[in-house]
Chemist: 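Before I ask anything, let me first share the structure, which is written out below as structure tokens.
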There are 2 protein chains.
Amino acid sequence: MSWITPAIQAAGIERTLDAGQTLFRLGSRATGLYEVVSGKIRLVRVSSAGSEAVLFVASAGHTFAEASLYSATYQCDAIASTKATVRLYPKAAVLAEFQRSPKVAQAFMAMLAQQVMSLRTGLQRRNIRSARDRVRHYLALNVGPDGRTVALATTLKDVARDLGLTHEALYRTLSEMASDGEIKRSDGKITIRAANRLSPLP
Amino acid sequence: MSWITPAIQAAGIERTLDAGQTLFRLGSRATGLYEVVSGKIRLVRVSSAGSEAVLFVASAGHTFAEASLYSATYQCDAIASTKATVRLYPKAAVLAEFQRSPKVAQAFMAMLAQQVMSLRTGLQRRNIRSARDRVRHYLALNVGPDGRTVALATTLKDVARDLGLTHEALYRTLSEMASDGEIKRSDGKITIRAANRLSPLP
DNA sequence: CGGCGTTTTGAGAGAGCTCAACATCGGTGG
DNA sequence: CCACCGATGTTGAGCTCTCTCAAAACGCCG
């Protein structure tokens, strides 16, 4: 079940921004949380010296400013990096829905908890130095129900960004793994060959 | 306000584990979420081939298995990496408290949302290749109210792990930044010199 | 005092980054 | 239909930066 119920969906307000346009600023009144429909939104904090530190780049499908539900003001600046469309879910509408139906509040919490775990996993992956082991970690945690096949929803370039590798490094690593027989590639899928199976019966 | 109210605190059940001991397994009935009191707990998923992929290593102060509140079973294995003490907050007690007081549920959601943002920021930081820029990012986002001073709560070794650098690399980077006059170190604090101020009046 | 963990500096090697060239594919328009 | 374009995918070669291994100073605590 999604936390975006028909009622919340209906309360959503779309807005389009040009590249470089500001969506909200640190300290401005928190109106609600956002979902990116298209384009990229950059969340940044600007130092007193004027340099900006990027906190997160949200792209299509991402939500951001979830914490605004429980805060009077936004905690950073949000600026469109490209021409972008966002959907605002007003605080009041969301909180009212949470109050009306505990199920919805639960779905929202579950989504957040799920996201926390997924982000922790991504961070853990970055602690792996070797490109090959990083790819192994990614594959192992993205196998389908059969336990051997990984479907690549996105392009390999996107996967590379996820992994914190250049796309060149990823391509190379994958072709090495393929020629070592550790994986098999076909179309949009990668199949893991049981390389490190513990000694089968003789 | 913390989501761990006196009532929830009182419902907590402490348990001590030896290194290597299992706390719960994938598929076992979810009893609640945990907080690490001391030691380290490793969350892993084991592939059919028997190799394990680490999802997260929780240490003192961390909570984990938050998603278990809304799931019937655990989604991974939890194994003590060292001798460890954990506190279990039983699902029923937590959910009852959430129902009794919406404020508590809100505090929990706010904590999750805050954590999501913090993890996203950590991940964003790892996308920065250069050690120096990564340190700059860390410092910029951890300055105190004065906007110039960063208090180091933990040891530099711990900070290095946070940044995804070896401690040697961090020490070197810091001393280079210090000798370049970009920062000043004293005791447990780092002060940022307004290095990249835009051209002051002549 | 002696042991342990943190902090610091040195030297060398290697893994991944960078730059570059080219193939491939899908869409677009003459 | 074909030429062109942009984005993804692929491979090559060199270089830089960080990791690794090593050693030593320092501070803290029993």
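Atoms considered below: every heavy atom in the structure, side chains included; atoms not considered: hydrogens, waters and symmetry mates. Residue numbering restarts at 1 for every chain, and letters A, B, ... go by the order of the sequence lines.
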Chemist: Reckon Ser175(B) has a side-chain N or O less than 4.0 Å from the OP1 or OP2 of dT8(C)?
Modeler: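 For dT8(C), neither OP1 nor OP2 has a side-chain N or O of Ser175(B) closer than 4.0 Å.
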Chemist: Rounded to whole angstrom units, what separation is found between the CG atom of Leu152(A) and the C1' atom of dT8(D)?
Modeler: 13 Å
Chemist: Heavy-atom nearest nucleotide on DNA chain C for His167(A) versus Ser130(A): which residue maps closer to 5'?
Modeler: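 That would be Ser130(A).
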Chemist: For the rings on Phe98(A) and Phe108(A), is their centre-to-centre separation under 6.0 Å?
Modeler: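 Ring centroids of Phe98(A) and Phe108(A) are less than 6.0 Å from each other.
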Chemist: Heavy atoms only: give me the nearest Gly32(B)-Tyr74(B) pair and the separation to one decimal.
Modeler: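 Smallest heavy-atom distance, with atoms named: O-OH, 2.6 Å.
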Chemist: What is the distance, to the nearest angstrom, from the CG atom on Asn127(B) to the C1' atom on dG16(C)?
Modeler: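 Rounded to whole Å, this separation is 15 Å.
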Chemist: Verify whether the ring centers belonging to His62(B) and Phe56(B) lie closer than 6.0 Å.
Modeler: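 Yes, close enough.
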Chemist: Grab the CG-P distance between Leu156(A) and dT24(C) for me, whole Å please.
Modeler: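 In whole Å, dT24(C) P and Leu156(A) CG are 17 Å from each other.
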Chemist: Please report the distance, rounded to the nearest Å, between NZ in Lys157(A) and P in dC25(C).
Modeler: 17 Å
Chemist: Using whole Å, report how far CG of Asp187(A) lies from P of dT8(D).
Modeler: 17 Å
Chemist: Would you indicate, yes or no, if dT10(D) has its OP1 or OP2 atom less than 4.0 angstrom from a side-chain nitrogen or oxygen of Arg185(A)?
Modeler: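 Indeed, a polar side-chain atom of Arg185(A) lies that close.
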Chemist: Using whole Å, report how far CG of Leu170(B) lies from C1' of dT9(C).
Modeler: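 It works out to 14 Å between those atoms.
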Chemist: Which nucleotide, dT18(C), dG9(D), dT7(C), lies nearest any side-chain atom of Thr166(A)?
Modeler: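 Nearest to the side chain of Thr166(A) among the choices is dT18(C).
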Chemist: With respect to the side chain of Ala131(A), which nucleotide from dG9(D), dG16(C), dT6(C) is positioned closest?
Modeler: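 Ranking dG9(D), dG16(C), dT6(C) by closest atom to the Ala131(A) side chain puts dG16(C) first.
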Chemist: Answer with yes or no whether Arg172(B) presents, from its side chain, a donor or acceptor under 3.5 Å of a partner atom in the base of dG10(C).
Modeler: yes
Chemist: Of the options dT7(C), dT8(D), dG16(C), whose atoms approach the side-chain atoms of Tyr171(B) most closely?
Modeler: dT7(C)
Chemist: Heavy atoms from C-beta onward define the side chain here; which of dG9(D), dT9(C), dT18(C) lies closest to that of Glu168(B)?
Modeler: dT9(C)
Chemist: If the threshold is 4.0 Å, N to carboxylate O, is there a salt bridge linking Arg132(A) and Asp180(A)?
Modeler: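 The answer is yes: the pair qualifies as a salt bridge.
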Chemist: May I ask you to say what Arg134(A) touches in the nucleic acid, namely base, sugar-phosphate or nothing, with a heavy-atom cut-off under 4.0 Å?
Modeler: nothing
Chemist: How close or far is atom C1' of dC17(C) from atom CG of Asp133(B), stated in whole angstroms?
Modeler: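 Rounding to the nearest Å, CG of Asp133(B) and C1' of dC17(C) are 15 Å apart.
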Chemist: What is the separation between atom CZ on Arg129(A) and atom C1' on dT18(D), rounded to the nearest whole Å?
Modeler: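 For the pair Arg129(A) CZ and dT18(D) C1', the rounded distance is 9 Å.
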Chemist: Do you know which two heavy atoms are closest between Asn142(A) and Arg125(A), and how far apart they sit?
Modeler: ND2-NH2, 4.2 Å
